[in-house]
Amino acid sequence: MPKYLLIMRGTDESNAAMMANIDEMMAATHQFIEDMVKAGVLLAAEGLDDPGQGVVVDFSGEAPVVTDGPYGETKELFGGFFVLDVASKEEAVEWARRVPAARGSKVEVRRVPGSDEVPQVDR
């Protein structure tokens, strides 16, 4: 079965709304994870630390440039992910529609190509 990545994306506003109801959000997320485990589709799930604690390595110039977060130009921040093993994109989208998320958040659904789909380098 194909794998799909559900990418959690939020804004400063949606992240603040989530933090304002963190106990409720955590309970709903825990239940969502349990539902995916029971359905046998969850491969991995992780949340990410505050973006202000991260760095960006930018390869735009001649040499990589490292910049500390937060990222003032970013409108949406990648906040976490779920990796699902499901039969189709449609099934992945149905799970994405069930993600407990604050208003203004988005969930991006992306297929993870299998190793047989990645170009091989002759050695």
Side-chain angles (χ1 to χ4, degrees):
M1 284 204 292
K3 290 187 262 185
Y4 283 85
L5 181 65
L6 307 185
I7 303 167
M8 308 300 298
R9 298 186 325 187
T11 62
D12 288 340
E13 294 80 18
S14 67
N15 290 340
M18 180 185 70
M19 294 308 289
N21 298 307
I22 192 66
D23 292 337
E24 180 182 315
M25 188 62 69
M26 292 303 292
T29 301
H30 181 73
Q31 183 61 54
F32 178 65
I33 289 171
E34 282 186 16
D35 292 347
M36 290 188 294
V37 168
K38 287 178 188 171
V41 301
L42 183 65
L43 296 177
E46 296 290 340
L48 298 176
D49 199 359
D50 183 291
Q53 301 302 313
V55 300
V56 169
V57 180
D58 185 346
F59 293 89
S60 299
E62 298 235 353
V65 175
V66 178
T67 306
D68 291 334
Y71 320 109
E73 297 299 315
T74 302
K75 302 290 185 235
E76 295 176 345
L77 297 172
F78 178 27
F81 64 89
F82 299 98
V83 180
L84 307 183
D85 188 8
V86 294
S88 67
K89 179 177 168 180
E90 293 75 22
E91 185 178 355
V93 169
E94 285 307 311
W95 281 107
R97 292 171 59 103
R98 295 177 56 189
V99 170
R103 182 175 299 277
S105 299
K106 294 180 181 178
V107 176
E108 181 178 344
V109 178
R110 302 269 303 271
R111 191 173 73 83
V112 179
S115 59
D116 59 330
E117 298 176 89
V118 178
Q120 301 299 313
V121 176
D122 292 329
R123 293 186 181 197

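Small disclaimer: the values here were computed from a predicted structure and weren't measured. Scope of the values below: all heavy atoms of this structure, side chains included, with no hydrogens, waters or symmetry mates.
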Kindly work out whether a path of hydrophobic side-chain contacts (I/L/V/M/F/W/Y, heavy atoms less than 4.5 Å apart) joins [X] to [Y].
X	Y	result
F82	M18	no
V37	F32	yes
L6	L42	yes
I33	V41	yes
L48	L43	yes

[X]: side-chain hydrogen bond (donor to acceptor under 3.5 Å, both in side chains) partners, not counting sequence neighbours:
X	value
K89	none
E34	H30
D35	Q31, R98

Pairs flagged by salt bridge (charged side-chain N to carboxylate O under 4.0 Å, His left out) wherever residues 36-49 is involved - sequence neighbours left out
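Passing the test, one end in residues 36-49: no pairs.
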Between [X] and [Y], is any pair of side-chain heavy atoms under 4.5 Å apart?
X	Y	answer
T67	D58	no
V83	L5	yes
P100	M25	yes

What are the two closest non-hydrogen atoms of [X] and [Y], and how far apart are they?
X	Y	answer
G104	S14	C-CB, 3.8 Å
A96	V107	CB-CG1, 3.9 Å
S88	P2	N-CG, 4.5 Å

Is the shortest distance from a Lys or Arg side-chain nitrogen in E108 or K106 to a carboxylate oxygen in the other one below 4.0 Å?
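No salt bridge links E108 with K106.
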Looking at residues at least two apart in the chain, or sitting in another chain, which of them share a salt bridge (charged side-chain N to carboxylate O under 4.0 Å, His left out) with E94?
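Once residues adjacent in sequence are excluded, E94 has no partner under the salt bridge (charged side-chain N to carboxylate O under 4.0 Å, His left out) criterion.
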I need the F81 CZ to M8 CE distance, nearest 0.5 Å.
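Interatomic distance, F81 CZ to M8 CE, rounded to 0.5 Å: 12.0 Å.
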Rounded to the nearest 0.5 Å, what separates atom OG1 in T29 from atom CD in E24?
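That separation rounds to 10.0 Å.
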Can you list the residues that meet the side-chain contact (heavy atoms from CB on, under 4.5 Å) rule with [X], with sequence neighbours excluded?
X	value
P64	V57, F59
A16	none
A87	M1, E91
E13	T11

Apply ring-ring contact (aromatic ring centres under 6.0 Å, His included) to Y4 and list each qualifying residue two or more places apart in sequence or on a separate chain.
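For Y4 there are no ring-ring contact (aromatic ring centres under 6.0 Å, His included) partners, ignoring immediate neighbours.
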Around atom CZ of R110, are there more than 12 heavy atoms from other residues, nucleotides or ligands closer than 6.0 Å?
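No, CZ of R110 has 12 or fewer neighbouring heavy atoms, counting only those of other groups under 6.0 Å.
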